[in-house]
Amino acid sequence: MHPALLYLPGGRLTLPELSAARLDGHVVELGEGYVPADLVDSPAARAAAIAGIVPANTAACGPSAAWVHGAGDRPPARHHVRRAVPRRLRVDLPPRVVLHDTALPDRDIVPLGGILVMTAVRTMVDLALGLHRDPTRRPWIELLADAHPELLADAASAIDDMHRMPGARVARAALQRALVRTR
């Protein structure tokens, strides 16, 4: 997506101007900004729309990555990021962004829309493995499965390859439920 198609409040247009354009049907909300109403929704466009709140050396993860990969119409209320570098980071985060201070391997990161994003399969795996601690991840699993049903088998296989992983039983059950639901 070309950067000229993303309008962030306070950039080329003020928030009142963007709100008026939205009311007139010229633009629609996407993440932290607005895009032309006729722009095709894509992972790159969604990633670009949250680029302003994803710090350098981090990757969007969890519900944020699920949304970037096509899960649902609305972004999560709180965005999640993880370190994309091996060293610890000191970053000043907006209140709506949660930093998970564990490093992601390069194989689980993909560049999209000017930011780094956790791959779709790894996102599904992490959402499922975290379900036993945070039941609010279930809707994101289902939304991501609706957008990409093929991820369920890959995620289940990845979880099966892990040894003694906390939450694996709950994760497998959630993926199986989502698989039955998408059929």
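Quick note: numbers below take in every heavy atom, side chains included, and nothing from hydrogens, waters or symmetry partners. This one's a predicted model, so the numbers in the text were calculated from it and none came from an experiment.
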- request: Flag yes if L104 and L93 sit in one hydrophobic cluster, no otherwise; membership is Ile, Leu, Val, Met, Phe, Trp, Tyr, and two members link when side-chain heavy atoms are under 4.5 Å apart.
  value: no
- line: Separation between CG (L143) and CG (L127), nearest 0.5 Å, reads 10.0 Å
message: Tell me if the CZ atom of R22 is crowded by more than 12 foreign heavy atoms within 6.0 Å.
response: no
- prompt: Going from CG on L30 to CG on L6, what distance comes out if it is rounded to the nearest 0.5 angstrom?
  reply: 7.5 Å
message: Tell me if a side-chain donor or acceptor on T182 pairs with a main-chain N or O of A178 at a distance below 3.5 Å.
response: yes
task: Locate the shortest heavy-atom distance separating A71 from W140; write the atom from each residue and the value.
output: O-CZ3, 3.5 Å
query: Same cluster or not: are V121 and M165 linked, directly or through other Ile, Leu, Val, Met, Phe, Trp or Tyr residues, by side-chain heavy atoms under 4.5 angstrom apart?
result: yes
query: Is M124 reachable from L116 through a run of I, L, V, M, F, W or Y residues, each pair having side-chain heavy atoms under 4.5 Å apart?
result: no
- prompt: Would you call L15 and S19 a side-chain contact if the rule is heavy atoms closer than 4.5 Å?
  reply: yes
message: For the OH atom of Y7 and the CG atom of L18, what is their distance to the nearest 0.5 Å?
response: 8.5 Å
field: Partner set under side chain to side chain contact (heavy atoms under 4.5 Å, CB included) for L131, not counting sequence neighbours
entry: R137, R138, I141, V170, A174
For A120 against L144, the heavy-atom pair lying closest together: O-CD2, 4.1 Å
message: Applying side chain to side chain contact (heavy atoms under 4.5 Å, CB included), can you list everything that pairs with A103, at least two apart in sequence or on another chain?
response: R83
Return all side-chain donor-acceptor pairs below 3.5 angstrom for residues 45-57, not counting sequence neighbours, or 'none' if the list is empty.
from : atom 1 : to  : atom 2 : distance (Å)
R46  : NE     : D41 : OD1    : 3.1
R46  : NE     : D41 : OD2    : 3.1
R46  : NH1    : W67 : O      : 2.6
R46  : NH1    : G72 : O      : 3.1
R46  : NH2    : D41 : OD2    : 2.7
R46  : NH2    : G72 : O      : 2.9

query: What residue pairs, at least two apart or across chains, pass side chain to side chain donor-acceptor pair (under 3.5 Å) with a residue in residues 108-125?
result: D108-R122, R122-D126
message: On a heavy-atom basis, which atom in A37 and which in G25 lie closest, and how many Å separate them?
response: CB-O, 3.3 Å
query: Can a salt bridge be assigned to the pair D101 and R82 using a cut-off of 4.0 Å between side-chain N and carboxylate O?
result: no
Nearest atoms (heavy-atom pairs only) where I159 meets A168: CG2-CB, 4.1 Å
Partner set under side chain to side chain contact (heavy atoms under 4.5 Å, CB included) for R74, not counting sequence neighbours: E29
Trace of the side chain to side chain contact (heavy atoms under 4.5 Å, CB included) decision for V28 with Y34: CA-CA 5 Å; V28 293; Y34 296 81; over 6 Å; no
- prompt: Which is it for V117 and I109 under the side chain to side chain contact (heavy atoms under 4.5 Å, CB included) test, yes or no, and what are the steps along the way?
  reply: CA-CA 6 Å; V117 180; I109 300 171; over 6 Å; no
Full working for side chain to side chain contact (heavy atoms under 4.5 Å, CB included) between T58 and L89: CA-CA 9 Å; T58 66; L89 298 174; 3.7 Å; yes
task: Could you walk me through whether V68 and M118 pass side chain to side chain contact (heavy atoms under 4.5 Å, CB included), step by step?
output: CA-CA 9 Å; V68 167; M118 185 185 285; over 6 Å; no
message: Enumerate the salt bridge (Lys or Arg N to Asp or Glu O under 4.0 Å) contacts for residues 144-158, please, sequence neighbours excluded, ordered by first and then second residue.
response: D146-R181
query: Looking only at heavy atoms, which two atoms of L8 and G33 are closest? And how far apart?
result: CD2-CA, 3.8 Å
- prompt: With a cut-off of 6.0 Å (strictly less than), are more than 12 heavy atoms of other residues, nucleotides or ligands near CZ of R88?
  reply: no
message: Before we go on, tell me: are the rings of H100 and H80 under 6.0 Å apart, centre to centre?
response: yes
message: Can you confirm whether D161 is buried at CG, in the sense that more than 12 heavy atoms of other residues, nucleotides or ligands lie under 6.0 Å from that atom?
response: yes
- prompt: Taking a hydrophobic cluster as the set of Ile, Leu, Val, Met, Phe, Trp and Tyr residues connected by side-chain heavy atoms closer than 4.5 Å, whether directly or through intermediates, do L5 and L112 fall within one such cluster?
  reply: yes
message: Counting C-beta onward and ignoring hydrogens, is there a side-chain heavy-atom pair between D160 and R172 closer than 4.5 Å?
response: yes
pair L99-V91: side-chain heavy atoms closer than 4.5 Å: yes
- request: Give the minimum heavy-atom separation between A59 and A84, together with the two atoms involved.
  value: N-CB, 4.2 Å
Under 3.5 Å donor-acceptor, D24 side chain and H26 backbone: no
- request: Measure the shortest side-chain to side-chain distance between L129 and M162 over non-hydrogen atoms and say whether it is less than 4.5 angstrom.
  value: yes
message: So does S64 get a backbone contact from the side chain of R78, meaning a donor-acceptor N/O pair under 3.5 Å?
response: no
query: With the 4.5 Å side-chain cut-off for hydrophobic clustering, are V35 and V27 part of the same group?
result: no
